[in-house]
Visitor: 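One structure is given below, represented as C-alpha cells, and several questions about it will come after.
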Amino acid sequence: MKIAFLGPETTYTHSAAIKHFGAGADFVPLKTLDDVFASVELGKSDFGVVPVENSYEGSVTRTLDLFMDHNLKICAEVIIPVSHCIASNACNSSNACGQKKETITKIYSHSQALAQCAKYLSKNFPDAELFSESSTSAAAERASKEKGAAAISSELAAEKFSLKVLERNINDDKENRTRFFVIGKQLSKPSGRDKTMILFSTKNIPGALYKVLGVLAKKKVNMTKIESRPSKKKLWDVVFFVEFEGHAEEKRVVSALKLVGELCDLLKVLGSYPEKMTISD
C-alpha cells in the first residue's frame with residue numbers, strides 16, 4: 001500500500017501517517033499539499049495524509065481549499081500531540097551539548113511551530129532571528145548546517161539530523177494537538193461513531209445559511225465545526241465547510257442532506273470517518 005504524505009520525513013504528518021497505517025506501509029513524502037491530493041486522485045498513491053487543523057493555530061486553509069478542486073473523500077482522521085523541542089548542533093566530541101542559549105542567534109522552524117512557541121521564544125530567545133521553513137524537518141536540516149543556529153522541531157527530526165535537544169515540550173499550549181485527514185477515493189463504511197464533512201455554497205437569498213443550519217438542527221444532526229472559505233470563482237463568493245456527527249449513509253443524515261441540497265447551489269459530501277475522541281483512539 002502506497003501512502004503519500006506532506007513531507008519530508010520526520011514531520012508530524014509523517015508521524016500521523018505511521019500512526020494510522022503502521023510502519024510497514026510504503027510512505028511517499030511529497031513537497032506540497034497539492035502534490036498529495038494529485039497523487040491520490042491520479043492513482044499514484046492509495047491514500048494521502050494531510051494536516052487539516054491545529055488546536056492552537058486553527059485550520060490549514062490550503063487543505064480545505066484543495067477539496068474544492070479534487071474529487072477525493074476523507075476516509076479517516078488522526079489526532080496526534082504536538083510536542084516541539086529546540087535543538088542545535090553545537091555539541092562537543094563527547095556528545096554533551098555545550099550550546100548556551102545566548103549563543104543561538106538564529107532559529108528555524110515552520111511558521112505554525114514558531115507561532116505555537118511564541119511566548120517561549122520571546123522569553124528565552126528575545127534577540128534571536130526567526131526564520132520560517134517549509135517544515136519542521138527542513139528547519140532541523142538547515143540548523144544542522146549553520147553555526148549558532150537552532151531549530152524547533154520534533155525529537156525525531158532532531159535525531160535524524162544529529163541535533164542535540166536543548167529543551168523539550170516548549171510549545172506554549174501543552175495540550176497542543178494537530179488533526180490530520182486520510183484522503184482516498186472511497187467513502188468509509190459506518191463504524192457506529194462517525195463524523196461527516198460537507199462543502200456547500202448557498203443560494204443568493206436572505207437567510208440562506210440560516211435555513212441550511214436549521215435543516216440540520218431539525219433533523220437532530222449535531223454540528224461540530226463550521227468554516228467559510230473564498231470560492232475563488234466569484235468576487236466575495238464563499239463556500240462553507242460543515243462537520244457534523246453521523247455517517248452520510250445514516251437515514252437521518254441522508255434525509256437532511258437531501259433538504260440541504262435543495263437550498264444550495266453546490267453540495268459535496270467530502271467524507272465520513274470514525275470520530276477520534278482522544279489521541280489514543
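Worth knowing before you read on, the calculation uses all heavy atoms, side chains too, and leaves out hydrogens, waters and symmetry mates. As the structure is a prediction and not an experimental result, all values here were calculated from the model.
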Visitor: Inspect the contact between Lys225 and Glu53 and indicate whether a charged nitrogen and a carboxylate oxygen are less than 4.0 angstrom apart.
Guide: yes
Visitor: Are Phe180 and Val52 packed together at the side-chain level, in the sense that at least one heavy-atom pair is separated by less than 4.5 angstrom?
Guide: no
Visitor: Give, for atom CD of Glu167 and atom OG of Ser88, the distance between the pair rounded to the nearest 0.5 Å.
Guide: 13.5 Å
Visitor: Verify whether one side chain among Glu227 and Ser59 offers a donor that lies under 3.5 Å from an acceptor in the other.
Guide: yes
Visitor: Which atoms form the tightest heavy-atom contact between Thr11 and Ser137, and what is the distance?
Guide: CG2-CB, 3.7 Å
Visitor: Salt bridge or not between Lys195 and Glu77? Use side-chain N to carboxylate O under 4.0 Å.
Guide: yes
Visitor: For atom NZ of Lys119, decide whether the heavy atoms of other residues, nucleotides or ligands shown that lie under 6.0 angstrom number more than 12.
Guide: no
Visitor: Roughly how far, to the nearest 0.5 Å, is the OH atom of Tyr120 from the CD1 atom of Ile86?
Guide: 5.0 Å
Visitor: What are the two closest non-hydrogen atoms of Met68 and Val239, and how far apart are they?
Guide: SD-CG2, 3.6 Å
Visitor: Looking only at side-chain N and O atoms, does Gln116 offer a donor or acceptor that is under 3.5 Å from a partner on His84?
Guide: yes
Visitor: How many angstroms lie between CG in Leu6 and CG in Leu33, if you round to the nearest 0.5 Å?
Guide: 5.0 Å
Visitor: May I ask you to decide if Leu163's main-chain N or O and Ser144's side chain share a donor-acceptor pair within less than 3.5 Å?
Guide: no
Visitor: Just wondering, do Arg177 and Val82 contact through their side chains at under 4.5 Å, heavy atoms?
Guide: no
Visitor: Under a 4.0 Å threshold between the charged nitrogen and the carboxylate oxygen, would Lys2 count as salt-bridged to Asp46?
Guide: no
Visitor: Measuring from atom CD of Glu41 to atom CG of Leu66, what distance do you get when rounded to the nearest 0.5 angstrom?
Guide: 10.0 Å
Visitor: So if you build clusters from Ile, Leu, Val, Met, Phe, Trp, Tyr with side-chain heavy-atom gaps below 4.5 Å, do Leu263 and Leu209 land together?
Guide: yes
Visitor: What I want to check is whether the side chains of Ser255 and Lys219 have a donor and an acceptor closer together than 3.5 Å.
Guide: yes
Visitor: Taking all non-hydrogen atoms of both residues into account, name the closest pair between Ala115 and Asp172 and its distance.
Guide: O-OD2, 4.1 Å
Visitor: Is it true that, when you exclude Asn222 itself, more than 12 heavy atoms of the residues, nucleotides or ligands shown sit nearer than 6.0 Å to its CG?
Guide: yes
Visitor: Name all pairs fulfilling the ring-ring contact (aromatic ring centres under 6.0 Å, His included) condition that reach into residues 134-162, sequence neighbours left out, sorted by first residue then second.
Guide: none
Visitor: Is Leu266 linked to Leu270 within one hydrophobic cluster, defined over Ile, Leu, Val, Met, Phe, Trp and Tyr using a side-chain heavy-atom separation of less than 4.5 Å?
Guide: yes
Visitor: Classify the side-chain pair Ser109/Thr136 by whether it contains a donor and acceptor separated by less than 3.5 Å.
Guide: no
Visitor: In the structure I gave you, are the side-chain heavy atoms of Pro81 and Asn176 within less than 4.5 Å of one another anywhere?
Guide: no
Visitor: State, with a plain yes or no, whether a side-chain heavy atom of Glu9 is found less than 4.5 Å away from one of Lys160.
Guide: yes
Visitor: Please name all residues satisfying side-chain contact (heavy atoms from CB on, under 4.5 Å) with Arg252, sequence neighbours left out, ordered by chain then number.
Guide: Val221, Glu250
Visitor: For Glu262, what residues pass the side-chain contact (heavy atoms from CB on, under 4.5 Å) criterion, not counting sequence neighbours?
Guide: Lys258, Leu259
Visitor: Can you tell me if Lys123 has over 12 outside heavy atoms packed within less than 6.0 Å of its NZ?
Guide: no
Visitor: Does anything in residues 17-38 pair up under ring-ring contact (aromatic ring centres under 6.0 Å, His included), and if so which pairs, sequence neighbours excluded?
Guide: His14-Phe27, Phe21-Phe47, Phe37-Phe67, Phe37-His70
Visitor: Step by step, would you call Lys211 with Thr202 a side chain to side chain contact (heavy atoms under 4.5 Å, CB included)?
Guide: CA-CA 10 Å; Lys211 292 176 182 178; Thr202 60; over 6 Å; no
Visitor: OG1/Thr224 to CE/Met197 distance, rounded to the nearest 0.5 angstrom?
Guide: 7.0 Å
Visitor: Measure the shortest side-chain to side-chain distance between Cys75 and Leu187 over non-hydrogen atoms and say whether it is less than 4.5 angstrom.
Guide: no
Visitor: What pair of heavy atoms forms the shortest contact from Ala248 to Val254, and how long is it?
Guide: O-CG2, 3.2 Å
Visitor: Determine, stepwise, if the pair Val28 / Ser39 fulfils side chain to side chain contact (heavy atoms under 4.5 Å, CB included).
Guide: CA-CA 10 Å; Val28 183; Ser39 180; over 6 Å; no
Visitor: Tell me the closest heavy-atom pair linking Ala256 and Leu216, and the distance in Å.
Guide: CB-CD2, 4.3 Å
Visitor: Pairs in or reaching into residues 238-262: which pass ring-ring contact (aromatic ring centres under 6.0 Å, His included), with residues at least two apart or in two chains?
Guide: Phe200-Phe240
Visitor: Test Leu257 against Val253 for side chain to side chain contact (heavy atoms under 4.5 Å, CB included), laying out the working first.
Guide: CA-CA 6 Å; Leu257 292 181; Val253 175; 3.9 Å; yes
Visitor: Does a donor on one side chain sit under 3.5 Å from an acceptor on the other, for Tyr273 and Glu243?
Guide: yes
Visitor: Is it the case that the side chains of Asn54 and Thr178 hold a donor-acceptor pair, with the cut-off being a distance below 3.5 Å and no angle test?
Guide: yes
Visitor: Using atom types as modelled and distance alone, determine if a side-chain donor or acceptor of Asp194 lies under 3.5 Å from a backbone N or O of Ser191.
Guide: yes
Visitor: When you group the ILVMFWY residues by side-chain heavy-atom contacts below 4.5 Å and let the links chain together, are Ile3 and Ile80 in the same group?
Guide: yes
Visitor: Specify the closest pair of heavy atoms between Ser15 and Leu156, including all atoms of both residues, with the distance to one decimal.
Guide: OG-CD2, 4.4 Å
Visitor: Answer yes or no: is there a donor N or O on one side and an acceptor on the other, between the side chain of Lys174 and the main chain of Asn171, under 3.5 Å?
Guide: yes
Visitor: Are any non-hydrogen side-chain atoms of Leu267 and Ile198 less than 4.5 angstrom apart?
Guide: yes
Visitor: Quick check for you: to the nearest 0.5 Å, what is the distance between Glu146 atom CD and Ile104 atom CD1?
Guide: 12.5 Å
Visitor: Considering the options Val36, Val60, Val40, which one meets the side chain to side chain contact (heavy atoms under 4.5 Å, CB included) requirement together with Val50?
Guide: Val36
Visitor: Group every Ile, Leu, Val, Met, Phe, Trp and Tyr by side-chain heavy-atom contacts under 4.5 Å, then state whether Val238 and Leu199 land in the same group.
Guide: no
Visitor: Could you give me the CA-CA distance, side-chain angles and deciding distance for Lys73 and Gln186, then say whether side chain to side chain contact (heavy atoms under 4.5 Å, CB included) is met?
Guide: CA-CA 6 Å; Lys73 299 295 185 185; Gln186 301 297 323; over 6 Å; no
Visitor: Do the side chains of Thr105 and Glu129 get nearer than 4.5 Å, heavy atoms only?
Guide: no
Visitor: Report whether Leu30 and Val78 are members of the same hydrophobic cluster (ILVMFWY, side-chain heavy atoms less than 4.5 Å apart, transitive linking).
Guide: no
Visitor: Set out, in order, the CA-CA distance, both residues' side-chain angles and the distance that settles salt bridge (Lys or Arg N to Asp or Glu O under 4.0 Å) for Asp34 and Arg62, then state yes or no.
Guide: CA-CA 9 Å; Asp34 300 59; Arg62 184 58 187 160; 2.5 Å; yes
Visitor: Other than Tyr56, what residues sit in its cluster of Ile, Leu, Val, Met, Phe, Trp and Tyr side chains whose heavy atoms are under 4.5 Å apart, directly or through others?
Guide: none
Visitor: Less than 4.5 Å apart, side chain to side chain, heavy atoms only: is that true for Thr10 and Glu159?
Guide: no
